[in-house]
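Predicted model, so just to flag it, every value in this text is computed and none were measured.
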Amino acid sequence: AVTSVTVTPTVAMTDATWVWLRMRLDLTNGANSVATLETAADAGDNVEPSSWTANGTNTGTTIAGLFDSTAPLEIGTFASGTSERLSGRVGRCIVRSGIAGTTVADFNADDCFGDGYLHTDGYVWTVGNPKIYDRSTNLRAPVVAAAGSNAPAPLPWGGTPSVYLPGTAGNAISTPHAASHDITGDIEIVANVVLSSVTVAQRIVSRGTASWAMFITSSNTLGLAFRF
């Protein structure tokens with residue numbers, strides 16, 4: 001079965017504004033699973049903040065553990081870039097097994113150019129139909145990762161290294177399944193994002209349709225969905 005825990009932010013998110021989000025799911029806190037949301041201001045460098053502000057909590061159904069799937073890890077969509085696509089920009093996304101636990105995936109736009117990069121831990125991030133923000137102020141076009149009319153356009157530097165996702169099919173960031181992604185207990189997801197609209201349902205990061213996801217709903221609430 002699939003269930004979710006949604007959190008209405010105490011301070012609402014706003015359109016087109018950079019924000020750090022940290023969601024944590026404590027599976028068996030007392031009689032329920034508990035999700036918490038914390039936020040922090042963006043400093044323009046994709047360095048994970050050391051100070052966070054509590055911004056909401058909610059309880060959900062107690063479950064024994066998350067479903068262990070073999071789906072790839074996707075940022076900005078799920079179902080291989082076809083559903084609930086994020087429209088905006090992604091600077092950083094970190095997934096941890098356990099609260100303040102082991103980092104199992106870490107995307108950093110500081111390290112990305114063109115169609116992706118090899119993380120120092122040995123896994124590959126792939127950017128589908130990317131538009132990478134130019135830091136040179138010269139409007140230098142990024143590496144062409146798609147032919148013809150789908151070729152990326154040069155975009156002006158806006159202060160934070162990021163990948164632009166326009167919310168269309170195939171525009172997403174992904175890395176293949178790895179054993180380290182098989183989180184079955186508590187989970188922590190951190191993301192530095194700007195969303196074109198905070199009232200459009202979209203995925204921030206997910207494991208396909210079969211394991212877990214962090215999403216925003218059409219009513220400006222953040223949620224964690226999970227299969228058990």
Could you work out, with side chain to side chain donor-acceptor pair (under 3.5 Å) as the rule, every residue matching Thr221, not counting sequence neighbours? Thr217
Taking only residues two or more places apart in sequence or in another chain, which ones pass side chain to side chain contact (heavy atoms under 4.5 Å, CB included) with Ser51? none
Would you please name every residue forming a side chain to side chain contact (heavy atoms under 4.5 Å, CB included) with Thr14, sequence neighbours left out? Thr17
Which other residues end up in the same hydrophobic cluster as Ile94, if Ile, Leu, Val, Met, Phe, Trp and Tyr are linked when side-chain heavy atoms come under 4.5 Å apart? Trp20, Trp52, Val190
Pairwise side-chain contact, Thr175 with His119, heavy-atom cut-off 4.5 Å (strictly under): no
Give me the atom names and distance for the closest heavy-atom approach of Ile183 to Asp186. CG2-O, 3.6 Å
Which residues pass the side chain to side chain contact (heavy atoms under 4.5 Å, CB included) test with Ser197, sequence neighbours left out? Asp15, Thr199, Val200
For Asn58, the side chain to side chain donor-acceptor pair (under 3.5 Å) test, sequence neighbours excluded, returns none
Have Arg96 and Thr103 got a donor and an acceptor in their side chains that come within less than 3.5 Å? yes
Applying side chain to side chain donor-acceptor pair (under 3.5 Å) to Ser218 and not counting sequence neighbours gives none
Compare all side-chain heavy atoms of Arg92 with those of Asp106 and state whether any distance is below 4.5 angstrom. yes
Would you say the side chains of Asp42 and Thr160 form a donor-acceptor pair under 3.5 Å? yes
Residues pairing under salt bridge (charged side-chain N to carboxylate O under 4.0 Å, His left out) where one sits in residues 165-182, two or more places apart or in two chains, turn out to be Asp182-Arg207
What residues form a side chain to side chain contact (heavy atoms under 4.5 Å, CB included) with Ser83, not counting sequence neighbours? Phe78, Ala79
How would you list, by chain and number, every residue that makes a ring pair (Phe, Tyr, Trp, His ring centres under 6.0 Å) with His177, sequence neighbours excluded? none
Taking all atoms of both residues into account, what is the closest heavy-atom pair of His181 and Pro176, and its distance? CE1-O, 3.3 Å
Residues 81-112 vs ring-ring contact (aromatic ring centres under 6.0 Å, His included), sequence neighbours excluded, gives Phe107-Tyr117, Phe107-Trp125
With sequence neighbours left out, write down each residue that passes side chain to side chain donor-acceptor pair (under 3.5 Å) with Arg22, or none if nothing qualifies. Glu38
